[in-house]
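The next block holds one structure in the form of structure tokens; read it before the comments.
Atoms considered below: every heavy atom in the structure, side chains included; atoms not considered: hydrogens, waters and symmetry mates.
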Amino acid sequence: MAAPVSAVGKSAAERLPLNATSFQKKTRTKLISIPGTRPSVQNGQLLVSTGVTSLDYLLGGGLAVGTVLLVEEDRYDSYCRMILKYFLAEGVVCRHELFVASAQDNPDDILQELPAPILDDVAIHKPVEQTRLSCEPQDSLDAMKIAWRYQNLPKVQSALASSSRFGHYYDVSKTMEPEIRQAAKCHRFYLTEHPTQSSPTHSTMLESYSALLKSLQEVINSEGFDVAAPMSKSRNILRIGLPSLGSALWGDDLSCHDNPRNGHALTTFFYGLRAILRSSLAVAVVTVPSHLIQDRALMGNITRLCDNAIALESFKGSERETNPLYKDYHGLLHVRQVPHLNCLASKLPDHKDLAFKLKRKQFSIERLHLPPDLSETVSRVSRGELAGAAAVSSACGSGSSGNKHLDF
């Protein structure tokens with residue numbers, strides 16, 4: 001190959017040094033650095049914590065900025081509301097801005113019920129170590145009782161948490177101090193303070209959702225959460241909490257009739273919400289009373305319009321509440337949908353059998369683990385009422401001798 005024209009006629013001293021090269025190292029684009037966020041190791045998406053470490057693990061490390069998390073409410077709306085409070089409390093601790101919209105409770109009342117954060121790292125890890133020390137003798141006794149095949153199985157208490165520290169811990173038995181809560185900037189939307197006017201082309205219900213989207217769009221544009229806006233100041237994250245969308249309080253008749261008049265109003269709202277979030281530094285958690293919606297096909301469309309979707313099935317008022325197999329849990333958790341962001345295939349949870357329980361200071365999601373019955377006083381007659389007990393007894397050859405323990 002011929003030498004370059006510029007190099008012809010030049011001496012060796014005038015040429016480029018031997019150690020010079022035209023190779024340029026390709027550098028990655030610098031990510032936005034915002035407190036309370038981290039990039040995903042899977043797709044590089046910016047993540048925020050939901051406030052529940054086990055839920056962050058299920059969602060692939062956290063909630064991606066610009067996405068929607070749909071939570072199908074339990075029948076009594078107690079545990080679902082707790083997840084929303086964790087999400088908002090995490091935003092207060094991380095100094096993120098909040099946007100709370102409600103049709104039933106005043107947003108100020110919701111903020112006053114946020115759990116208190118546990119900001120001392122020593123207070124977080126010390127009780128765990130003390131619990132382990134106090135449980136060592138009991139664990140050794142239990143290891144002698146159970147069969148050898150169960151001794152090598154991993155512990156399933158809080159295994160749904162990543163090794164890296166992300167997010168904070170909260171004490172459910174205490175409420176957040178007013179000084180901490182007032183330090184965060186919160187935008188409120190109370191439906192009773194925004195009366196909607198019906199028009200010939202829009203129903204009252206649709207006007208309520210339209211007013212909510214308009215208020216949210218104004219906050220995003222005025223506070224600089226739009227990605228296309230010039231970076232005149234430091235960027236921040238907007239956390240959006242929308243409880244009980246689709247209920248009759250919003251003027252929606254989805255939960256009141258089998259054939260609602262405005263069956264597509266909520267799906268239209270989710271289309272607009274996703275369009276707003278995709279181009280902004282915001283993340284939303286929306287709760288929907290799915291047990292009141294009779295049209296399951298419509299509920300499936302709502303689920304597919306969201307990036308993440310989980311469902312809570314509480315044991316309250318059901319036979320499982322008194323079932324000894326589920327005595328350690330308060331309900332089941334179902335993962336309906338996981339996000340597909342910047343990747344061909346999303347990461348699915350390792351286990352589909354998940355349960356949740358609300359402790360005094362923690363809301364945790366665990367793998368559903370049914371331990372063997374080791375009690376010496378439990379009657380084997382009562383075990384016949386449990387699901388699958390008859391098949392186990394017949395397979396092991398116990399027959400009608402129900403007072404004997406199974407041999408492993």
Side-chain angles (χ1 to χ4, degrees), residues 45 50 55 58-60 63-64 66-81 83-84 87 101 103 203 205-206 208-210 212-213 216 240-278 283-315 318 320 331-356 365 368:
Q45 193 78 16
T50 60
L55 183 57
L58 288 178
L59 301 178
L63 275 178
T67 60
V68 182
L69 169 62
L70 175 67
V71 183
E72 298 183 17
E73 299 177 358
D74 52 296
R75 292 187 176 273
Y76 297 97
D77 191 22
S78 57
Y79 302 104
C80 178
R81 185 170 290 263
I83 292 182
L84 182 62
F87 173 74
S203 62
M205 181 277 308
L206 188 58
S208 62
Y209 289 151
S210 300
L212 176 58
L213 284 178
L216 181 59
I240 305 169
L242 308 176
S244 300
L245 284 184
S247 63
L249 298 173
W250 288 92
D252 203 334
D253 57 349
L254 284 178
S255 57
C256 302
H257 305 285
D258 295 338
N259 297 319
R261 290 183 307 169
N262 306 295
H264 299 286
L266 188 57
T267 55
T268 305
F269 170 80
F270 276 106
Y271 271 115
L273 180 62
R274 287 187 63 180
I276 293 175
L277 295 183
R278 282 296 190 268
V283 59
V285 172
V286 183
T287 67
V288 174
S290 60
H291 59 280
L292 299 178
I293 300 177
Q294 304 297 328
D295 192 352
R296 306 315 302 174
L298 179 60
M299 191 62 211
N301 294 335
I302 295 174
T303 301
R304 286 186 289 271
L305 286 175
C306 299
D307 303 286
N308 310 270
I310 61 174
L312 300 181
E313 182 183 352
S314 176
F315 291 158
S318 63
R320 294 179 178 178
L332 301 178
L333 186 139
H334 308 281
V335 179
R336 304 294 191 196
Q337 184 167 308
V338 291
H340 301 263
L341 302 173
N342 302 336
C343 59
L344 297 178
S346 58
K347 180 182 177 182
L348 298 176
D350 299 334
H351 297 79
K352 295 183 179 180
D353 298 330
L354 301 172
F356 66 88
I365 302 172
L368 183 60

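Considering OG of Ser314 and OH of Tyr76, their distance stands at 8.0 Å, rounded to 0.5 Å. Between the CG atom in Leu213 and the CD1 atom in Ile276 there is a gap of 5.0 Å [rounded to 0.5 Å]. For the atom pair CG of Leu70 and CZ of Arg304, the computed distance is 12.0 Å after rounding to the nearest 0.5 Å. For the atom pair CD (Glu73) and CZ (Arg81), the distance works out to 7.5 Å, reported to the nearest 0.5 Å. Here CZ of Arg336 is found 13.0 Å from CD1 of Ile302. Values are rounded to the nearest 0.5 Å. The structure places CD1 of Ile365 at 4.5 Å from CG of Leu55, a figure rounded to the nearest 0.5 Å.
Nearest approach of Ser208 to Trp250, heavy atoms of both residues: OG-O, 2.9 Å. Closest non-hydrogen pair, Pro339 versus Asn308, comes out as CD-OD1, 2.8 Å. Looking at every heavy atom in both residues, Tyr209 comes nearest to Gly246 through OH-N, 3.1 Å.
For Arg274, the CZ atom sits in a packed shell: over 12 heavy atoms of surrounding residues, nucleotides or ligands are nearer than 6.0 Å. Heavy atoms from other residues, nucleotides or ligands lying under 6.0 Å from NE2 of His264 number 12 at most.
Residues Arg278 and Asp307 form a side-chain contact, since some pair of their non-hydrogen atoms from C-beta on lies under 4.5 Å apart. Between Thr50 and Ile83, the closest side-chain pair of non-hydrogen atoms is not below 4.5 Å. Side-chain contact check for Leu312 versus Leu333: some heavy-atom pair is nearer than 4.5 Å. Residues Phe269 and Leu212 meet the side-chain proximity criterion, which asks for heavy atoms closer than 4.5 Å. Using a 4.5 Å cut-off on side-chain heavy atoms (C-beta onward), Ile310 and Leu58 make no contact. By the 4.5 Å heavy-atom criterion applied to side chains, Leu245 and Leu266 are counted as neighbours. Leu332 places a side-chain heavy atom less than 4.5 Å from the side chain of Arg320. You'll find the side chain of Leu277 stays beyond 4.5 Å of the side chain of Val283, heavy atoms only.
At least one donor-acceptor pair under 3.5 Å links the side chain of Asp74 to the backbone N or O of Cys80. Using a distance-only test at 3.5 Å, with no hydrogens or angles considered, no donor-acceptor pair links the side chain of Glu313 to the main chain of His334.
The side-chain contact (heavy atoms from CB on, under 4.5 Å) test with Val286 singles out one residue from Leu84, Leu242, Ile240, Val71, and that residue is Leu242.
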